[in-house]
Amino acid sequence: MDYKRRQRELLTVLEANACAGMLVTHMPNVRYLSGFTGSSGVLAMAAGKLPRLAFFTDGRYTQQAREQVKGAKVFTPQAPALSSAMDWLKQQLPKNARVAFEADRTTVSAQTSLRKLNGGRLRFVSSSNWIERIRTIKEPEEIKILRSAILLGSGVFEAVLPDIKPGVTESRIAAEIEYLSRRLGAQGMAFDTLVSAGKRSALPHGVASSAQIPAKGFVIIDMGVIVAGYRSDMTRTVHMGQPDKKSLKIYDAVLRAQLAAIETVKAGVETWEVDQAARKSLEKDGLAEYFTHSSGHGVGLEIHELPGLRKAAKGQKKPRKPSPDALRPGMVITIEPGAYVPGVGGVRIEDMVLVTETGCQILTPTRKDLIVL
Ligand code: ZN
Ligand code: ZN
């Protein structure tokens with residue numbers, strides 16, 4: 001991982017926002033910038049010709065921090081990490097220097113204690129998604145890890161297909177998926193495995209329940225694993241018994257929408273254009289009203305990262321030059337349209353793709369024709 005580059009990129013953002021320093025407290029951001037994988041610590045950065053970084057954590061992590069942290073001095077003070085980090089910044093920076101903190105990741109009470117610790121010495125500036133935006137472009141090494149997470153996840157999905165039988169509960173299927181994932185080397189699950197069967201498949205966020213798999217109907221499985229800190233995310237919808245015409249129509253429409261969205265993905269394309277492609281396709285099939293979420297999201301150290309593939313605003317036009325939020329090469333995003341017809345059932349198909357200059361590479365290898373069990 002190129003921590004030096006990441007730290008330099010953040011320095012550029014600080015300079016663009018006239019900030020002399022930053023406090024990083026959101027742990028995935030701390031990890032991204034320093035390599036520290038523990039669950040508690042604060043990273044402080046002071047701007048200069050080169051960025052100066054200091055990492056503060058407690059005694060539990062002394063050894064781990066020494067081994068993992070790159071490009072930052074490690075401190076394990078007796079005092080709380082946040083107050084030590086503030087002391088360090090006050091030492092490094094002149095009075096009234098502007099210091100960014102992750103306002104939308106900081107609780108109100110933590111903000112109050114930050115102000116107390118500061119004692120009016122530095123000026124706080126709310127940063128918003130500064131590091132998250134750097135994280136959208138994955139390094140080759142990150143892509144390699146993401147690929148192995150995706151392969152592991154797909155292998156687990158295929159291996160549990162024989163377990164999906166009428167009468168088995170949704171949570172049993174989720175348990176099989178999670179057990180096998182751990183056995184095959186996953187650090188954990190990227191999120192709670194979703195299994196929703198029959199009429200419950202019409203719930204877009206169907207957490208696996210004690211409901212049984214019916215003899216007939218869709219089963220949506222949305223699952224992801226963690227490998228070396230990075231997450232995978234895939235959804236497949238299978239059908240129990242022979243599907244009737246109506247169900248086939250829904251499945252084909254969602255698959256068409258998913259392929260249409262993937263077809264649109266390319267560097268320079270606005271994220272809402274991808275969503276629009278899926279929506280327009282579903283509209284042609286008369287199912288647009290049943291597509292009730294966004295078309296996808298970035299994935300990496302967290303399951304929902306930037307960019308979000310949201311719906312276009314009313315009357316939104318394609319800008320002449322790509323906006324700062326447009327897709328860029330190296331982004332890894334999900335494409336996951338769905339249709340959820342109350343009383344009938346739902347279908348969602350989700351792949352992870354890597355954005356390239358000319359299009360995208362589909363990273364999820366699992367087949368997408370309807371699997372009938
Ligand atoms: Zn998913
Ligand atoms: Zn997803």
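We count ligands from 1, going down the list as the structure has it; atoms in each ligand are counted the same way.
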When you measure from the side chain of E67 to the backbone N and O of Q64, does any donor-acceptor pair fall under 3.5 Å? no

Just jot down the salt bridge (Lys or Arg N to Asp or Glu O under 4.0 Å) partners of E139, sequence neighbours excluded, or say none. R5, R6

The test is side chain to side chain contact (heavy atoms under 4.5 Å, CB included); show your working for V156 and M223 and say whether it passes. CA-CA 10 Å; V156 168; M223 56 165 292; 3.9 Å; yes

Ignoring waters, protein N/O/S atoms under 2.8 Å from the Zn ion (ligand 2) are D233 OD2, H297 NE2, E336 OE2, E350 OE2

Quick one: sort the H297 and H304 rings into parallel, tilted or perpendicular, breaks at 30° and 60°. perpendicular

Look at the aromatic rings of Y340 and H293 and report parallel, tilted or perpendicular, splitting at 30° and 60°. tilted

Here the gap from K138 atom NZ to I143 atom CD1, rounded to the nearest 0.5 Å, amounts to 9.0 Å

